Amino acid sequence: MKQPLRVAVTGAAGNISYAMLFRIASGEMLGKDQPVILQLLEITPALDALKGVVMELEDCAFPLLAGVVQTDDASVAFKDADYALLVGARPRGPGMERKDLLEANAAIFSAQGKALNDVASRDVKVLVVGNPANTNALIAQRNAPDLDPRNFTAMTRLDHNRAIAQLAEQTDSTVNDVKHMTIWGNHSSTQYPDLTACTVNGKPALDLIERDWYENTYIPSVQQRGAAIIKARGASSAASAANAAIAHMRTWALGTDENDWVSMGVYSNGEYGIAEGLIYSFPCTCSNGDWQIVDGVDVSSDFSKEKMAATEQELTEERDAVAHLLP
Ligand code: NAD
Ligand code: LMR
């Protein structure tokens, strides 16, 4: 039996966590042979609710669940963590944009970045789910100067999956037929779901759809899917977000499928001309527990340049709005 890995989850009594913890404990994230210790963080008023979630975890008698920690202290939750899923944050309600959450949630991520810096494994893999995810990841990363910036990522896998599903439906194919999807930029309504490199059953996606549908229906629909779910459900996406978080971590830990890539919000070193230091979504492959930005994707069209710059601009503005939290 392998040694257990420590998986910290914040916002552990919230909606996304309720759809996520049981799957992590059953081995869906790190593998069916990998025991895990869950280290669960909540705010003090939610500790009772968290206790109920932990009782349910116990009642599943998961063979891979080697321990559970429940705490309202980040330095306990992140102690020696190998993985950290930062979910805990206020979700947006109807009519709000994700950047409206910036002030409300930014303070959480500076404190948690510091705690990760102080007590987590030096190789901890961090995924920020709480919105605005890219800028929260940037805040956590900048508050953790002793950790490699590459350890901090933001979730755009849900956007990636939404983009695949909507394209498969339009082209009468299955999600398995769609390869090389790319989400560029921010997990927000400025994100750029780019079909330039994408194929469906080996054929260029852009040859299978009308340009007008792509620009005026598909892109806005992927960009606005989070808002559409909030409107329909009265609450933000939870099970699909949990599914994407598990997929993001699984891919990072265990690697991408051959001949495909995924979208991840990662630290920019200036790739594709994107400002250094932003957490920007790029097409990435993973192997040996590490990610690489895919090189050489065609972004030469004016359309792509404009869309990539617009979402970069939004991330720059978000960064400037939280400058006081960036050491
Ligand atoms: P929720 O309100 O159901 O749960 C959030 C939990 O976080 C609550 O239990 C709350 O007590 C806890 N929390 C708040 N502050 C905390 C702190 N400082 N430390 C630890 N826990 C804290 O919300 P949810 O539906 O689970 O969504 C969580 C976040 O995920 C929101 O910000 C939402 O917008 C975001 N989200 C992101 C994506 C994405 O694709 N990146 C998708 C869906 C939702
Ligand atoms: C989503 O994309 O579903 C989440 O980020 C929730 C939101 O605020 O859109």
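Worth saying up front: this structure is predicted, and the values here are computed from it rather than measured. We count ligands from 1, going down the list as the structure has it; atoms in each ligand are counted the same way. Values below: every heavy atom of this structure, side chains too, minus hydrogens, waters and symmetry copies.
In summary, the atoms of ligand 2 found under 4.0 Å from a heavy atom of Ser237, numbered by their order in the structure, are 1 (C), 3 (O). In the vicinity of Ile230, heavy-atom distances shorter than 4.0 Å reach the ligand 2 atoms 7 (C), 8 (O). Atoms of ligand 1 found under 4.0 Å from any heavy atom of Gly130, numbered from 1 in the order shown, are 29 (C), 30 (O), 32 (O), 35 (C). Atom numbering of ligand 1 starts at 1 in the shown order; those under 4.0 Å from a heavy atom of Leu158 are 40 (O), 42 (C). Every atom of ligand 2 is numbered from 1 in the order shown, and the set under 4.0 Å from a heavy atom of His187 is 1 (C), 2 (O), 4 (C), 5 (O). Annotation for ligand 2: atoms under 4.0 Å from non-hydrogen atoms of Arg92 are 7 (C), 8 (O), 9 (O). Distances below 4.0 Å separate heavy atoms of Gly11 from the following atoms of ligand 1: 6 (C), 7 (O), 12 (C), 20 (C), 21 (N). Numbered from 1 in the order shown, with element, the atoms of ligand 2 that lie under 4.0 Å from a heavy atom of Gly226 read 1 (C), 2 (O), 3 (O), 9 (O).
Taking CG of Asn131 as the start and CE of Met155 as the end, the distance is 8.5 Å to the nearest 0.5 Å.
Residues Ser121 and Arg6 have side chains not in contact (no heavy-atom distance under 4.5 Å, counting atoms from C-beta outward). Contact annotation: the side chain of Thr182 never approaches that of Tyr192 to less than 4.5 Å [non-hydrogen atoms, C-beta and beyond]. Lys307 has its side chain out of reach of Asp194: every pair of non-hydrogen atoms, C-beta onward, lies at least 4.5 Å apart.
Qualifying salt bridge (Lys or Arg N to Asp or Glu O under 4.0 Å) partners for Asp290, counting only residues two or more places apart in sequence or in other chains: Arg150. In terms of the ring pair (Phe, Tyr, Trp, His ring centres under 6.0 Å) criterion, Phe78 has no residue partners (sequence neighbours excluded).
Arg92 and Asp100 are not joined by a salt bridge, as no carboxylate oxygen comes within less than 4.0 angstrom of a charged side-chain nitrogen.
Note: Phe282 and Tyr280 have tilted aromatic rings, judged against thresholds of 30 and 60 degrees for the angle between ring planes.
Compare Ile16, Val129, Asn131, Leu101 by their heavy atoms: the one nearest to atom 4 (C) of ligand 2 is in Asn131.
In terms of polar-atom proximity, defined here as any N/O pair under 3.5 Å, Asp159 makes no such contact with ligand 2. Not a single N or O atom of Ser236, backbone or side chain, sits closer than 3.5 Å to an N or O atom of ligand 2.
Atom 18 (N) of ligand 1 has Ile108 CG2, 3.5 Å as its closest protein atom, hydrogens excluded (heavy atom only). In terms of protein heavy atoms, atom 37 (C) of ligand 1 is closest to Val129 O, 2.9 Å. The closest protein non-hydrogen atom to atom 9 (O) of ligand 1 is Glu42 OE2, 2.6 Å.
The closest approach between any non-hydrogen atom of Ala238 and ligand 1 is not below 4.0 Å. Heavy-atom separations between Gln112 and ligand 1 include at least one value shorter than 4.0 Å.
Both Leu50 and Val87 are members of a single hydrophobic cluster when ILVMFWY side chains are connected at heavy-atom separations under 4.5 Å.
Neither the backbone nor the side chain of Arg233 comes within 4.0 Å of ligand 2, counting heavy atoms alone. With a heavy-atom cut-off of 4.0 Å, Ala241 touches ligand 1 through its side chain alone. With a heavy-atom cut-off of 4.0 Å, His187 touches ligand 1 through its side chain alone.
Between the Asn134 side chain and the His187 main chain, a donor and an acceptor come within less than 3.5 Å of each other.
Aromatic ring centroids of Tyr272 and Trp184 lie under 6.0 Å apart.
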